[in-house]
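Worth knowing before you read on, the calculation uses all heavy atoms, side chains too, and leaves out hydrogens, waters and symmetry mates. In what follows, residues are counted from 1 in the order of the sequence shown. These figures come from a predicted structure and were not determined experimentally.
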Amino acid sequence: MKQASVWKNNGILIMLFVILAVLIVCPLAMIFARAVIPDGRLDLYRAWTIIADSENVQTIANSLILGIYVVLCSTLIAAPTAYILSRTQLARCAWLDIIFLIPFMTPPYIASMGWIVFMQKRGLFQQMFPWTGSFSEGFFCFWGLVLVMSLHVFPFLMTMLKNAMLNIPASLEESGAVFGAGFGMRLRKIFAPLLTGNYAIGALLVFVKTLSEYGTPYTFGRRIGFYVFTTNIHRYSTTAPVDFGRSAGLSAILIGICMMLWLLQNHITNRTSYRLVSGKGTRRVQTKLPGAGLAAAVLWIILVFIAAIGIPYFSIIATSLINLRGYGLTAGNFTLAHYAELFTTGKSINAIKNSIFLAVSSATLCSVLGTVVVLAVRRAKGGLKKVVEGISLLPEMLPGIVLIIGIMLFWNVIYKVIPLYNTMGIMVLAYVVLYIPYTFQYVTSAYTQINDNLIQAGRTFGGDPFYVFRRITFPMIAKGILSGWMMIFIIAFRELVTASLIAPPNVLVVSTYINREFEQGSVSLGMAMAVLCVLLTTTTLLVMNVIMNRKMRGESK
């Protein structure tokens, strides 16, 4: 009986390996194959000439330089913010943690459009402060791009640094003070080394996200003539003459850089990790800032809030309400007509329907496939389970645009066998490939909290595997499945790069609708759709949180 169960689990694992290999590994293999076999024959020299082309070399240099400066700028924003929210009186304001998650919940291309509308010639800034002249137009430079991208990714770094700071016990700093170390010495010799591992993880995550980001470089970077990996990969794949050889070459380089960064992160983390949480109780340090210091901390928080949230959201909402752009922010020039148009014209209604369909279907399929993978991996033994687990998490380590290029190449090759390319089905498949790591991580986190004794008890009392799953395992992991579904729905609903590359002709989703209206001059209509996008995803998040909180309260009773 036990042998039969083992064979069954291995059979399921092999089947999952085949499915994941087709979905993830084969598209990635196609990228490298296309990079070295551009015209149906092996040609390493041509592959090298594509990579060594002066334009591509400049693109690679631009991407790396941008990544470095975004990490530095994000650090300058995140480090003081994390310190204020973890080790001062403001740490008691838990609502600030939620506030500073808003930049993450805002699609980067929408925030970028908000900054463009605010700072451009005759934009909102010049309308509010006409005496500044053309001062705001200087924002459209490399440093403006760095700031806009940093304001989107700094919450990742801030959260990691804050959690690390909260885990540093008071006894360590007090010991340094007892032995005569001043604040600067304690900061340099005690505080900073303990944060190195967490900072390395956060900084490398920010760097990889910067290399992978498409929305902001496309909207803001293209405006200033600054091209990076993602914008050139997109251009080679969509603009005539289409050159998939160049696109695959750049994608292969980007894959290599990202994989090296993940290996570097693991090396640094293993070398600089400290176990600060033990079984003993610890007391956290909280610096009581004097009046001037507290005022400075509050001012800093306000400035970060204005830059990261206030300006882009003010621009988006104000622009969506403006009737005639030429009159700007003048009394009587505001209307709700743009919102009404979203629900009365065919293309906007279809864009919303398409986005909802893609978000719901991809989130549901990811939840099913990811849950099956977790259950199979947790029950299996041997090396195959590690391979399946690694493939499931691979999309998280790679830029989305790279995976989409691979999917385009692979499914175009097998079109005669499976005619999925150039349909809505290929978009659903691409979303599933991109977001399956979310389900895997959320369900794994929930599954690890299940005590094996519960499952063994169900089997002991005669429950078959399906009964044990239905009555014990599923209720315990349902919260993880729901959390993963919610996160995938939110991200898939606003996805831009996948829709812009792989959507069938004349098929619009919310993101491509916003982008098209913005480029064609219907900025107010595009911003109205942006507001609707943010409201819908935020409402989904709040509703799901209410449902989960009620469920938790019901279980506690």
Side-chain angles (χ1 to χ4, degrees), residues 106-114 116-117 214-215 218-219 234 237-240 313 315-326 333-365 404 407-408 411 419-432 434-435 488-540 543:
T106 307
Y109 61 91
I110 291 179
S112 174
M113 291 175 182
I116 291 172
V117 169
Y214 168 74
Y218 179 78
T219 54
H234 186 277
S237 303
T238 58
T239 305
Y313 271 88
S315 301
I316 294 166
I317 296 171
T319 304
S320 71
L321 296 172
I322 289 176
N323 186 23
L324 298 173
R325 290 182 61 197
N333 192 37
F334 297 98
T335 180
L336 294 174
H338 305 301
Y339 290 94
E341 187 174 345
L342 293 180
F343 297 100
T344 54
T345 56
K347 65 177 182 178
S348 55
I349 293 174
N350 288 333
I352 296 170
K353 287 181 178 179
N354 289 337
S355 290
I356 292 175
F357 166 76
L358 290 169
V360 171
S361 57
S362 59
T364 303
L365 289 174
I404 300 306
I407 289 170
M408 291 171 65
W411 289 92
L420 192 64
Y421 189 76
N422 212 25
T423 67
M424 288 288 283
I426 195 69
M427 296 186 71
V428 174
L429 181 143
Y431 283 24
V432 170
L434 287 175
Y435 304 130
I488 294 168
F489 177 89
I490 290 171
I491 299 176
F493 185 84
R494 67 195 199 189
E495 171 65 25
L496 173 62
V497 66
T498 305
S500 64
L501 276 172
I502 213 168
N506 301 320
V507 172
L508 285 177
V509 295
V510 165
S511 57
T512 52
Y513 179 92
I514 294 170
N515 193 52
R516 192 177 75 167
E517 296 302 320
F518 188 81
E519 289 186 336
Q520 292 181 350
S522 302
V523 179
S524 295
L525 191 58
M527 293 298 98
M529 182 65 89
V531 173
L532 183 65
C533 173
V534 173
L535 282 177
L536 184 58
T537 52
T538 304
T539 302
T540 302
V543 169

Begin from the C-alpha positions of Val510 and Met529 and carry the test side chain to side chain contact (heavy atoms under 4.5 Å, CB included) through to its verdict.
CA-CA 7 Å; Val510 165; Met529 182 65 89; 3.9 Å; yes
Can you list the steps and then say if Arg494 with Cys533 is a side chain to side chain contact (heavy atoms under 4.5 Å, CB included)?
CA-CA 7 Å; Arg494 67 195 199 189; Cys533 173; 3.8 Å; yes
Apply side chain to side chain contact (heavy atoms under 4.5 Å, CB included) to residues Ser500 and Tyr214 and explain how you reach the verdict.
CA-CA 11 Å; Ser500 64; Tyr214 168 74; 4.1 Å; yes
Determine, stepwise, if the pair Tyr313 / Thr106 fulfils side-chain hydrogen bond (donor to acceptor under 3.5 Å, both in side chains).
CA-CA 9 Å; Tyr313 271 88; Thr106 307; 2.6 Å; yes
Chi angles and distances behind the side chain to side chain contact (heavy atoms under 4.5 Å, CB included) call for Leu508, Asn350:
CA-CA 7 Å; Leu508 285 177; Asn350 288 333; over 6 Å; no
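With Thr537 contributing its side chain and Val534 its backbone, the two residues share a donor-acceptor pair below 3.5 Å. Of the possible polar contacts, none joining the Ser522 side chain to the Glu517 backbone as a donor-acceptor pair under 3.5 Å is found. Between the side chain of Ser355 and the main chain of Ile352, no donor-acceptor pair closer than 3.5 Å is present. Remark: the backbone N or O of Ile322 is paired with a side-chain donor or acceptor of His338 at under 3.5 angstrom.
Within the 4.5 Å cutoff, the side chain of Val497 has no heavy atoms near those of the Ser511 side chain. No side-chain heavy atom of Leu496 sits less than 4.5 Å from a side-chain heavy atom of Pro107. Here the side chains of Thr219 and Asn515 are in contact, with some heavy-atom distance below 4.5 Å. Side-chain atoms of Val531 and Met527, non-hydrogen and from C-beta on, never get closer than 4.5 Å to each other. Using a 4.5 Å heavy-atom threshold, the side chains of Thr423 and Trp411 count as separate. Considering only heavy atoms from C-beta on, Glu495 stays 4.5 Å or farther from Leu358 through its side chain.
With rounding to the nearest 0.5 angstrom, the CE atom of Met113 is 6.5 Å from the CD1 atom of Ile514. To the nearest 0.5 angstrom, Leu321 atom CG is 12.0 Å from Ile316 atom CD1. To the nearest 0.5 angstrom, Leu536 atom CG is 6.0 Å from Ile356 atom CD1. A distance of 10.0 Å separates CZ of Phe334 from CG of Asn323, quoted to the nearest 0.5 Å. One finds the OH atom of Tyr513 at 13.0 Å from the CG atom of Asn354 (value rounded to the nearest 0.5 Å). Taken to the nearest 0.5 Å, the CD atom of Glu341 stands 10.5 Å off from the OG atom of Ser524.
Residues Asn422 and Pro505 approach most closely at OD1-CD, 3.3 Å, considering heavy atoms. The two residues Ile502 and Ala430 make their nearest non-hydrogen contact at CD1-CB, 4.5 Å. The two residues Ser320 and Tyr339 come nearest to each other via the heavy atoms OG-OH, 2.6 Å. Considering all non-hydrogen atoms of both residues, Ala503 and Ala499 come closest at CB-O, 3.0 Å.
The aromatic rings of Tyr435 and Tyr431 stand perpendicular to each other, their planes meeting at an angle above 60°, with 30° marking the opposite boundary.
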